[in-house]
Every structure is written in C-alpha cells, then in structure tokens.
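Report on one structure; see the data block that follows.
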Amino acid sequence: MAEGKSFFVDTTKCTACRGCQVACKQWNQRPGEKTYNQGSHQNPPDLSSNTWKVVRFSEAVGEKLNWYFFPDQCRHCVSPPCKDVAEGKAKGAVIQDDKTGAVIFNPKVKIKAEDFKEVKESCPYNIPRISGAGVMAKCTMCFDRIKEGLLPACVKACPTGTMHFGDRKAMLEMANKRLAEVKGVYKNATLTDPDDVRVIFLLIDDPKKYHKTAVAENTIGITRKMALKRILKPLKDFQWIG
Amino acid sequence: MADGPFPEHYEPLECPIEKNPLSSQRINPAIPLFKGELDKYTTCDPKFPFVATTYRLTEHWQTGLMTRYQPWLVEAEPQMYVELSLELAKLRGIKNGERITIASPRGKMWAKAMVTNRIKPFNIAGQTVHLVGLSWHYGWLVPKDGGDSANILTPSIGDANTMIPEYKVFLVNILKEERPKVEKKPEPKPAPKAEAKPAPKPEAKPEPKPAPKAETKK
C-alpha cells in the first residue's frame with residue numbers, strides 16, 4: 001500500500017488553459033454550473049459536488065507580476081483522514097483502493113449533513129463536497145480509467161506537461177528531480193506534502209500565495225481531533241500506514 | 001499594393017496623440033474610410049481618454065457562437081469583462097468584479113471589471129495613457145447576462161490592402177455602471193439544507209398561475 005499510484009503536478013509548466021478542469025467534467029459527466037465573472041479568470045469559484053477539479057488563479061499584488069495557477073483537486077492522502085472520520089458515521093462512504101491508493105467517495109452511500117461537516121473538517125485540503133441528495137463527491141483519480149491502464153482524464157488532457165501520473169516511486173523520483181532543476185532559478189520552490197499525499201504539486205513560491213489550503217495546516221493526523229480518533233480505533237486499522 | 005513600396009509607421013485611426021512622431025502623416029492615407037452613420041471617429045478627445053484593445057480567450061472561439069453553447073466553456077468564462085490596471089481603477093474608483101460601462105463614439109456596453117497587474121498604463125509622448133483590454137466573444141442570446149461583444153465599440157477600419165480590421169487600437173471611456181444591479185449572486189455552496197429549500201419554491205410559483213386561468217374560464 002505504500003506504493004500505488006501518484007500524480008506529479010509541475011505548476012511551473014501550467015498555463016491555466018483549464019484543459020484538465022474541462023476534461024474532468026467531460027469524463028465524469030458533471031454538468032456545467034451557472035457562474036459569473038467575479039473579477040478573475042478563475043471559474044467556477046470553488047470546488048463543488050459537480051466540480052472536482054478547478055484551476056485556481058491568484059495574483060500577488062505588488063510591483064512585479066506574480067500570477068500563480070493551482071490545479072486544485074483531491075490529494076488522495078496516503079492515510080486519508082476523511083476515511084477515518086466517515087467510517088464511524090456512514091460505513092463504506094469512503095473507500096481506499098488497495099492497489100492504487102485512490103481514495104473514493106462511494107456514490108451509493110448517503111451521509112447526514114452534520115456527519116459530512118466533520119468529514120469536511122477532517123480534510124486538510126478542504127476537498128469534500130456534498131450534493132443535494134446527501135452524497136459526497138470529489139475526484140476519483142479516474143478510477144474507472146486507471147484500472148483499465150488509461151491515464152486520468154486531467155493528465156491525458158494536459159497539453160503542457162504539467163500533469164503526470166504513474167507509479168508512486170517514479171512520480172516521487174520525477175518530482176525530486178524537477179525540484180532540483182527548478183531550485184536553481186526559484187529558491188523558494190517546494191513540493192507539497194510529498195510523503196503524505198498522492199498528488200504532489202511543485203510550487204515556486206510560498207504555497208499560501210497559491211491557495212490557502214495548498215499544503216496541510218498540520219501534518220496529516222496530528223490535529224487533536226484526529227489524534228483522539230486514532231487512539232480510540234483498534235490497531236488493525238493501521239496496518240496500511242507506513 | 002495600395003501603400004508602399006517601403007514600410008512606414010502610421011498612428012492608428014483613433015489615437016491619444018495628435019501628431020505622428022515619425023512623420024507628418026498621422027494615419028495611413030491609402031485606407032478607405034467608411035462614411036456611414038456609425039463611422040464616427042475621434043482623436044485626442046477628452047470624452048474618450050483611454051486606449052482600448054481587443055483579444056481572444058482560450059475558452060471561446062471567435063464571436064463565441066460555437067463555444068458559448070458549450071456549458072463547460074461558458075462556466076469557465078461566463079461573462080464579458082474588461083481588464084484594467086490598478087492605476088486606472090484607482091482613478092475611476094472602480095472595484096474588482098464590479099459592472100462598469102465602456103463607451104466609444106460608436107456605442108456603449110457593460111462589462112465586468114477585472115482589475116489586474118497584468119495591464120500597465122503607457123507613457124506616450126510624455127503623457128500617461130491608460131489601457132483597457134476587452135474580449136469579443138460574447139453577445140446576443142447565450143449565455144443569459146453574458147454581455148455584448150466589444151465589436152459595438154470598435155471602428156470599421158482596416159489596412160490599406162486587405163482591410164484586415166484595426167480592432168487592436170481605439171479610444172474609449174469607462175464609467176461606473178449607472179444601471180441597477182439585475183444580476184443575482186451565485187448561490188451559497190450546496191449544503192443539503194439549502195438545496196432542499198429551493199426545491200419547493202418552483203413548485204409554489206406555478207401554482208398561483210393556473211388558478212386565475214381556471215377562474216377566468218369559469
């Protein structure tokens with residue numbers, strides 16, 4: 001389980017064409033939302049039960065123009081806190097695939113609004129959304145594609161070489177190699193939580209300038225609430241950690 | 001060739017300076033100018049002090065007739081916008097995301113203000129000239145409240161040989177929107193309770209309508 005699959009998102013190559021955002025909607029058959037121009041090219045304004053991938057635009061105000069693009073999506077945590085929380089609330093609502101590590105919200109399991117709130121709060125990246133019917137929704141790692149050996153729709157659609165997908169080991173290798181290259185030009189370049197998640201972004205500046213939840217506030221699993229939940233759970237649930 | 005044989009610099013038909021700094025001829029003399037009702041041009045006019053330019057987006061194709069019926073693309077770029085510098089926004093008291101009016105001698109339209117660092121004022125012949133950028137992908141029916149095309153503002157002039165349009169430079173004025181706001185803000189994030197509420201509303205609305213009809217029939 002430590003292996004599985006991973007994404008590497010090299011934002012230095014992202015031009016914010018939003019091919020990934022539209023490809024996600026196309027493959028997963030999500031309808032378009034009614035949106036308004038809010039003074040930014042970013043739209044839809046946020047993730048929703050119908051928008052699982054959104055390219056976030058942020059412009060740093062100052063003398064020099066810094067326009068950062070962040071293709072936000074579920075990070076598919078190696079040990080997903082949403083699964084731990086949801087397990088006690090609605091059994092089988094969150095599933096983790098053994099082979100790939102994909103974290104999937106089961107569309108057949110409904111969850112109560114107050115339970116969903118806890119699941120959402122457990123996510124350090126503010127990803128889970130709920131539909132009107134009480135079903136949670138987010139990125140599925142295009143599970144139906146990857147199990148057939150295809151690339152996820154967003155990776156397939158990316159024209160600039162920003163999105164990569166493959167075996168976790170290869171992706172980590174690629175990410176570290178690219179980080180070393182980029183470090184020469186951008187001293188603040190970082191990888192976002194590479195040990196904890198399966199969607200690793202390469203950013204060239206403070207992650208907060210990209211998006212407020214680009215990196216986890218706390219390392220996954222050490223918030224007080226989560227720590228308590230962990231302690232209370234039987235040990236057999238943790239076999240896959242590490 | 002209608003003009004030539006040597007390349008020459010001319011100022012655009014509408015420009016913020018009175019003289020061509022490179023020669024005594026301001027605009028290309030070989031271009032035919034239309035004389036229609038809407039062919040009104042202006043130069044160095046204090047009523048239209050800003051330079052406007054038009055360009056495309058990745059999401060829409062030309063006038064958008066093909067792409068504006070595509071919900072995923074309209075979702076990504078839903079409305080006519082005007083990009084302007086922080087300096088100009090400060091000058092006119094315009095906030096980011098606000099609806100503003102853009103006027104040229106040929107017409108006026110509304111657009112969403114996008115205040116950005118990407119656009120900077122020019123220094124032309126010693127004076128500060130502000131630039132605004134527009135796209136021409138919207139207009140007419142779809143999407144609803146998408147706005148109009150920047151072609152309402154542009155002058156009908158092209159180059160001397162092929163009449164390739166000169167829509168990249170013309171003069172406009174921008175003003176705060178006078179009209180009352182019609183547009184609704186996007187709904188809050190779909191919490192199950194919030195979505196449960198709107199459902200009965202549409203049901204409630206059609207109900208009163210059939211009732212008066214039935215009465216009139218009787």
Side-chain angles (χ1 to χ4, degrees), chain A residues 15-51 54-55 57 59-67 110-117 120 126 128-137 159, chain B residues 57-59 67-86 89 94-100 110-120 133 135 137-138 143-147 181-199:
Chain A
T15 62
C17 72
R18 296 189 277 189
C20 53
Q21 187 182 307
V22 173
C24 175
K25 289 222 163 186
Q26 187 182 24
W27 178 259
N28 295 301
Q29 289 297 300
R30 299 283 104 192
E33 293 171 35
K34 178 67 188 163
T35 55
Y36 298 98
N37 191 316
Q38 308 277 323
S40 160
H41 283 292
Q42 182 190 322
N43 245 326
D46 198 7
L47 296 168
S48 76
S49 61
N50 285 329
T51 304
V54 67
V55 180
F57 293 58
E59 199 176 322
V61 181
E63 279 299 304
K64 201 173 154 258
L65 171 64
N66 286 313
W67 203 14
K110 288 191 179 184
I111 190 162
K112 284 183 208 149
E114 55 268 29
D115 293 344
F116 167 71
K117 214 178 150 196
K120 194 178 175 185
N126 187 20
R129 297 290 186 271
I130 193 163
S131 74
V135 174
M136 294 197 294
Chain B
L57 280 171
T58 327
E59 283 77 4
T67 49
R68 278 186 282 118
Y69 287 86
Q70 218 299 336
W72 299 320
L73 296 176
V74 164
E75 170 196 58
E77 283 292 352
Q79 281 180 309
M80 183 64 192
Y81 62 86
V82 50
E83 287 181 300
L84 50 117
S85 64
L86 301 177
I94 290 164
K95 285 189 214 106
N96 193 29
E98 207 174 21
R99 253 171 93 127
I100 60 170
W110 69 265
K112 285 295 195 77
M114 216 185 266
V115 181
T116 171
N117 246 338
R118 299 187 296 278
I119 301 232
K120 293 280 182 198
S135 73
H137 301 296
Y138 300 93
K144 217 179 164 193
D145 59 42
K181 268 194 176 177
V182 190
E183 175 191 305
K184 279 178 201 165
K185 285 212 163 176
E187 279 180 40
K189 286 294 128 220
K193 275 183 187 173
E195 276 204 8
K197 272 179 193 172

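Scope of the values below: all heavy atoms of this structure, side chains included, with no hydrogens, waters or symmetry mates. Sequence lines set the chain letters: A, B, ... in the order given, protein chains first and strands last, and positions in each chain run from 1.
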Expected output: side-chain A:E59 to main-chain B:N117 donor-acceptor under 3.5 Å: yes
Side chain, backbone, both or neither of A:T51 within contact of chain B (heavy atoms, under 4.5 Å): side chain
B:E59 vs B:W72, side-chain contact (heavy atoms from CB on, under 4.5 Å): CA-CA, chis, key distance, verdict: CA-CA 9 Å; B:E59 283 77 4; B:W72 299 320; over 6 Å; no
Structural part of B:A113 lying under 4.5 Å from a heavy atom of chain A: backbone
Interchain contact, B:E83 with chain A, by part (heavy-atom threshold 4.5 Å): side chain
Aromatic plane relationship, A:H41 with A:W67 - under 30° parallel, 30 to 60° tilted, over 60° perpendicular: tilted
Under-4.0 Å salt bridge between B:E77 and A:R18: yes
Chain A contacts, top residue of B:N96, B:L57, B:L73 (heavy-atom pairs, under 4.5 Å): B:N96
